[in-house]
**Student:** 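Take this structure first; my questions come after.
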Amino acid sequence: MRVTLPDGTSLELQDGATGADAAAAIGPGLARAALAVRVDGQVRDLSAPLAEGERVEIVTPPRDGQPDPDALWLIRHDAAHVLATAVLELYPGTKISIGPPIEGGFYYDFEFPAGVTVSEDDLPRIEERMREHVRAAEPFVREDVTAGEALERFVREGQDYKVELIEDLVRDQGVETVSLYTNGPFTDLCRGPHGPSTKDVGAFRLQSVAGAYWRGDASRQMLTRIYGTAFFSQEELEAHMRALEEARARDHRRLGRELGLFLLSDYAPGAPFWLPHGMVLFNELTRLVREENAKRGYQEVRTPVLTGVELWRQSGHWDKYKDHMYFTEVDDRLVGLKPMNCPGHTQIYAAERRSYRDLPIRYSEAGLVHRHEPSGVLHGLLRVRAFTQDDAHIFCTEEQIEDEVVGCLEMGFGIYDLFGFEPALELSTRPDNRLGSDEMWDHAEGALRQAMERRGLQFDVGEGEGTFYGPKIDLHMRDSIGRSWQLGTVQLDYQMPERFGLEYTGPDDEPHRPVMIHRALLGSFERFIGILTEHYAGEFPVWLAPVQAVVVPIADRHLEYAREVAETLRAAGARVEVDERAESTRRKIRDAELRNRRASGVAQDRRYTRPR
RNA sequence: GCCGGAGUAGCUCAGCUGGUAGAGCAGCCGCCUUGUAAGCGGCAGGUCGCCGGUUCGAAUCCGGCCUCCGGCUCCA
């Protein structure tokens with residue numbers, strides 16, 4: 001048979017030849033280095049047979065600085081199996097679940113025997129055991145068995161999670177055979193592929209221990225997840241660990257303290273106190289948003305933070321969102337803090353008779369909302385309980401939806417461009433907990449999809465991740481260590497207008513129901529500033545910088561002049577400080593740089609010529 | 001909310017298996033009057049997260065709670 005190689009040449013092989021045979025036919029060096037084979041873009045074991053006419057590419061460790069992402073994922077997957085091998089040896093009776101490679105490494109989820117807890121202190125011991133298996137270069141051997149045989153095996157071993165996985169595979173996908181991979185003493189249910197042996201795992205490290213629900217379901221067993229990472233070489237691993245370390249130096253929680261941006265206090269978990277320098281960022285962004293809104297025909301409004309609970313019953317928040325709301329009783333009346341601004345805006349809309357000629361109506365509000373997020377999810381400025389959204393609601397006709405959604409996205413991209421942000425888009429569809437008919441949802445999801453497709457935008461789909469009142473398009477950004485956060489959002493809503501009985505008079509002189517678009521582009525000022533801080537590592541562009549210049553007097557005799565200079569700059573609108581401390585010039589300049597002042601000036605007797 | 005870890009001075013952290021708390025930086029005072037990544041000296045600063053228990057004695061051991069960190073679930 002013949003297969004095609006990446007350079008277009010074809011290779012003659014015996015019938016039934018495997019990827020390993022192909023590598024050997026090309027050259028002994030390649031045969032030694034080969035990890036797997038990629039056939040028509042799909043990675044397979046080297047031992048898998050090839051078929052006539054397939055396009056074949058040998059997957060190898062990086063060579064000449066050309067890393068193959070598939071190769072890295074492969075050895076990380078191998079490493080996950082080696083981890084499970086070591087854990088089963090060290091903690092007999094442990095139940096294994098799943099252990100995939102992920103971006104940046106791998107993990108494996110375990111249920112340890114009763115009474116056994118594993119913490120990060122135990123990781124070195126597990127690593128040591130893993131190392132023994134890597135050194136032993138144990139081959140990964142694949143075996144295809146019937147689902148029944150596999151079930152019998154895992155039932156016998158008491159591996160309940162594997163049993164459940166096989167049962168589900170049989171039930172949901174009708175599989176008849178499953179593959180098992182064995183390395184040394186360990187056999188796992190696994191789709192593969194794997195490298196030829198554990199020796200290619202190379203340089204690895206276990207990083208952390210965390211809880212993780214079985215199958216991501218909070219109602220099920222909490223497993224212990226061990227995270228690790230692996231590379232081909234020690235150098236790459238060390239470079240990776242250094243990069244993580246450097247990313248931690250950009251952490252907005254640390255920079256927020258060092259630069260005097262905000263304060264988090266135990267008195268109000270999840271509710272930042274804004275310090276003077278942080279407030280500058282907040283205000284500059286507010287100004288930006290206000291200007292952009294004005295350009296696009298938004299009218300600014302402001303609605304109450306605390307309202308009678310009747311509003312939340314009417315809007316549906318009581319039914320679908322009350323667990324996340326704050327309530328209190330005042331004068332025998334139950335009142336709630338707003339978690340969203342939309343019901344308030346409906347009241348402004350409803351306060352007058354509206355004509356089709358008025359639409360679209362666009363109300364914007366820098367709205368302070370409170371949401372009772374679970375304690376375990378709070379995270380600096382990126383996940384808080386009290387925050388200010390750059391919110392807006394557009395009331396429009398059915399026909400105007402697409403243009404308005406596109407307008408929102410364009411406005412969002414325009415703002416993100418200013419910061420060099422390239423957000424990832426996600427369409428979130430109907431959740432289980434929702435209001436409205438399936439027809440409404442079909443319609444609303446279709447409209448959002450169409451708006452993005454019209455602009456040729458790439459997007460992911462988050463099934464079931466929409467809000468209770470409608471689907472949405474979210475703009476996501478990553479923080480310094482790669483975690484993804486939702487910033488902007490554009491949401492379509494047929495529910496709220498219905499529930500509040502909103503109307504406009506059409507050209508036919510009949511009442512019609514408007515559609516509502518909820519949209520926040522920064523998302524919240526808090527989260528946006530968090531991301532912004534990490535993005536710039538605290539070195540904000542001049543227009544945002546809390547302190548734009550610092551004047552450094554050399555000696556006391558320059559103080560008066562330094563103050564004059566500062567005054568002149570302030571009069572011109574700059575944010576300026578004078579460093580009046582009785583410190584050395586070296587020190588004052590160093591501090592100015594460390595605190596990321598964008599410019600510093602030195603007040604002196606004569607022009608300074610820098611020594612060679 | 002769940003799992004694991006951690007809370008010692010404003011910050012970063014020492015403080016072995018119980019005997020009553022320390023450093024650096026920051027702060028304050030003084031000296032120095034300065035030329036591009038930390039001048040010098042001194043002083044002050046802590047109900048060791050909170051509550052309870054064990055003990056002659058608890059920062060240290062035990063329990064509960066709060067907060068933070070890493071994840072999971074969930075969300076801007």
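Labels below follow one simple rule: chain letters A, B, ... track the order of the sequence lines, proteins then strands, and each chain is numbered from 1. Everything quoted here is computed from the prediction, not taken from an experiment.
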**Student:** If I take atom CD1 in residue A:I226 and atom P in nucleotide B:G4, what distance separates them, rounded to the nearest angstrom?
**Tutor:** 13 Å
**Student:** Is the backbone N or O of A:E373 less than 3.5 Å from a side-chain atom of A:R385, with the two atoms forming a donor-acceptor pair by type?
**Tutor:** yes
**Student:** If you go through the side-chain atoms of A:R590, does one of them form a donor-acceptor pair with the base of B:A38 closer than 3.5 Å?
**Tutor:** yes
**Student:** How far does the P atom of B:C48 sit from the matching atom of B:C11, given to the nearest Å?
**Tutor:** 16 Å
**Student:** Please state whether the base of B:C74 and the side chain of A:R383 form at least one donor-acceptor pair under 3.5 Å?
**Tutor:** yes
**Student:** Assert yes or no for the condition that the ring centre distance of A:F419 to A:H535 is strictly below 6.0 Å.
**Tutor:** no
**Student:** Could you tell me the Watson-Crick or G-U partner of B:C40, where both distances fall under 3.5 Å? Say none if there is no partner.
**Tutor:** B:G30
**Student:** For the base of B:A76 and the side-chain ring of A:F387, does the geometry meet a stacking cutoff of under 5.5 Å between centres and under 30° between planes?
**Tutor:** yes
**Student:** Suppose we call a contact any N or O donor and acceptor under 3.5 Å apart; does that hold for the side chain of A:Y213 and the base of B:G1?
**Tutor:** yes
**Student:** Checking all strands, does A:G376 fall into the base, sugar-phosphate, or nothing category for heavy-atom contacts under 4.0 angstrom?
**Tutor:** base
**Student:** Please classify the nucleic acid contact of A:V369 as base, sugar-phosphate, or nothing, using heavy-atom distances under 4.0 Å.
**Tutor:** nothing
**Student:** Please work out if A:R483 contacts a base, only the sugar-phosphate, or nothing of the nucleic acid, heavy-atom cut-off 4.0 Å.
**Tutor:** sugar-phosphate
**Student:** Using a heavy-atom cut-off of under 4.0 Å over every strand shown, decide if A:R527 touches base, sugar-phosphate, or nothing.
**Tutor:** base
**Student:** Using Watson-Crick or G-U wobble geometry with both distances under 3.5 Å, which nucleotide pairs with B:C11?
**Tutor:** B:G24
**Student:** For atom CZ of A:R302, is the number of surrounding heavy atoms from other residues, nucleotides or ligands below 6.0 Å larger than 12?
**Tutor:** no
**Student:** When you measure from the side chain of A:E593, which nucleotide among B:C72, B:G70, B:U36 comes out closest?
**Tutor:** B:U36
**Student:** Could you work out which one of B:G1, B:C11, B:G5 sits closest to the side chain of A:S119?
**Tutor:** B:G5
**Student:** Tell me whether the count of non-hydrogen atoms from other residues, nucleotides or ligands lying under 6.0 Å of CD in A:E560 goes above 12.
**Tutor:** no
